[in-house]
Amino acid sequence: MTNSGRSLLVLVCVLGLAASDEAQVAPLIANIGGRSTISLNGQWQVIVDPYDVGYVDYRAQAIKNKNAFYTDYKPQSKSELVEYDFDTSGHLNVPGDWNTQRESLLFYEGSVWYKRSFAYIKKANTRVFVHFGAANYLANVYLNGEELGTHRGGFTPFDFEITDRVKGEGNFLVVRVNDTRHKEEVPTVNTDWWNYGGITRPVTLVEVPETFIQDYEVQLEKGSTKEIRGWVQLNGRQLQQNVTVRIPEAGVSKTVRTNAAGRAEFSFPADLRLWSPETPKLYAVEISAETDKVTEPIGFRSISVRGTDILLNGKPIFLRGINIHEEAPLHASRSWSEDDARVLLGWAKELGCNFVRLAHYPHNEAMLRMADRMGVLVWEEVPVYWTIQWENPDTLQNAKNQLGEAITRDHNRAALIIYSVANETPIGEARNHFLGELIQEAHTGDPTRLVTAALQASERQDANGLHIRIEDPIAKELDVMGNNEYIGWYAHAIADLDKTDWSSDYDKPLIMSEWGGDALFGYHGDAETRFTEEYQEKLYEHQVAMLKRITFLRGTTPWILKDFRSPRRTLPGIEDYFNRKGLVSDRGEKKKAFFVLQKFYGELQGSTQ
Ligand code: GCB
């Protein structure tokens, strides 16, 4: 290794980006909402630290003394030099991004230190974990001046056990959150969304018995609507126990014994009212071990593919979808709450959707649970976006971790039917291998759901028009093909949509996972004028006409429900750092194209259901 290579490695390790750090997080606890919890949400003290002076010294070495911000050291005398103070540095809300809470932080990328003090009443035979819904991107977590561990990846949960470290009084939790973009990370440096930094999802203390039910899956057997299949995983010392899975409303119950590793698998027949967008039925499912018990609302439905059809509960379905970024509906900031989820999914339902693509990373858990309740099918994605370092094994491991964490969190959600492992990635050997590994990871991690990726088909133009063909070799390994196209916006003219035909190398269903164009709400003109509502409306009309002609199309998610912040979009007076492809403005106003899509989905509903 060259000297510069070595110093880069040292720096990477010092900044806490090494992959081995992830080993310090505890296994994820399923269904936090079904547990005894104490919220640590609210105002946290913060120090904005653009040069990481609370973390590394002027030789770029990790600081291990009182100058490290996580020690929260106070001067012992008036002459002692200490150059930081949480008590006088200000506050930010958790959960929440820092960018929209302080004007000076709108474009900020770097480190912010968060501190929160708390008291805790210790209980006998109880283990305690601190659980983060997400922090973007890298989180170094410390309790009472000692390191708990590190997590990287901005959109998935993580937790640390603190049973032996938490005290009755005077606990202080410190988190260094760093959202600096790096080439080797997932996502990489280049995206078309705001890099919202911070502790963006709830922080919770979770109490569980000494041996507890860490995770479980209770789903219909793949391809069946009558057989439940699943597993349960215990964590603790008493790993061999009887575990009973009960669905009282369905009158079913099954007892199994966990093995020496704390795991048991089960299957049993059940006569259930199936979950669907029209009848989003959820059952209270109880899992009881000898030392622990947890209950969760779970829906049951099957999802599969036959030729070019997608089958929900054995019947062909057309996915009337829309893309959504994780941004609050009426205030462009990272969203995380149930209320935000209700409004966003409410707009989708108003459009006539039965499906949403949660682009381009796993959204907050409230969104998935709301989709379960409201009856909206979900595409979940990992941020393998554009040009990841395909050859870097650490990048692949990171992408797999993020996918694994999303699966662990959401594998009991009926609404979730499909995982996307990538968006608009360039075909090539290293990329094909990388995506192949992720597809396999998704299939083994969750064998009941489908796997897709948003691809970009190849195109040829001749006197007869545009001929577009899906021939990406990775599609061979996908259950459903996704495809993004921007005919009439980035490429070609709106009129070309009328002379475009689609074909595919594969006998598989297609979801047109992106198309659209920008319009500034309230900006009117003729349909030739970019950024007018009329241009977007016309583009939607011609896109819809083209989609109707694609024989293997089984769903679509136009780009996008709502205008969202993006640093790439600089045009003054029009974009102002917003991507304006929303059907709804960032203030919640509906543009003309909203009604074009609503009409199309209305017709589809009328003809199919
Ligand atoms: C795309 C990307 C999406 C962008 C969109 C756009 O292809 O997948 O993230 O925001 O186009 O508006 O350009």
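Atoms within each ligand, like the ligands themselves, are counted from 1 in listed order.
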Please verify the inter-ring angle class for F132 with F158; under 30° counts as parallel, over 60° as perpendicular, anything in between as tilted.
parallel
Aromatic plane relationship, Y385 with W193 - under 30° parallel, 30 to 60° tilted, over 60° perpendicular:
perpendicular
Close-range residues for ligand 1, whose non-hydrogen atoms fall below the 4.0 Å threshold:
D192, H360, Y385, N423, E424, N484, Y486, Y490, E514, W559, F564, R569, N579, K581
Does P567 have any side chain to side chain contact (heavy atoms under 4.5 Å, CB included) partners at least two apart in sequence or in another chain, and if so, which?
W194
List the residues meeting side chain to side chain contact (heavy atoms under 4.5 Å, CB included) with K599, not counting sequence neighbours, and say none if there are none.
E603
Salt bridge (Lys or Arg N to Asp or Glu O under 4.0 Å) partners of residues 473-489, not counting sequence neighbours, each pair once:
none
Would you say D526 and T529 are linked by a side-chain donor-acceptor pair, where the criterion is simply a distance under 3.5 Å?
yes
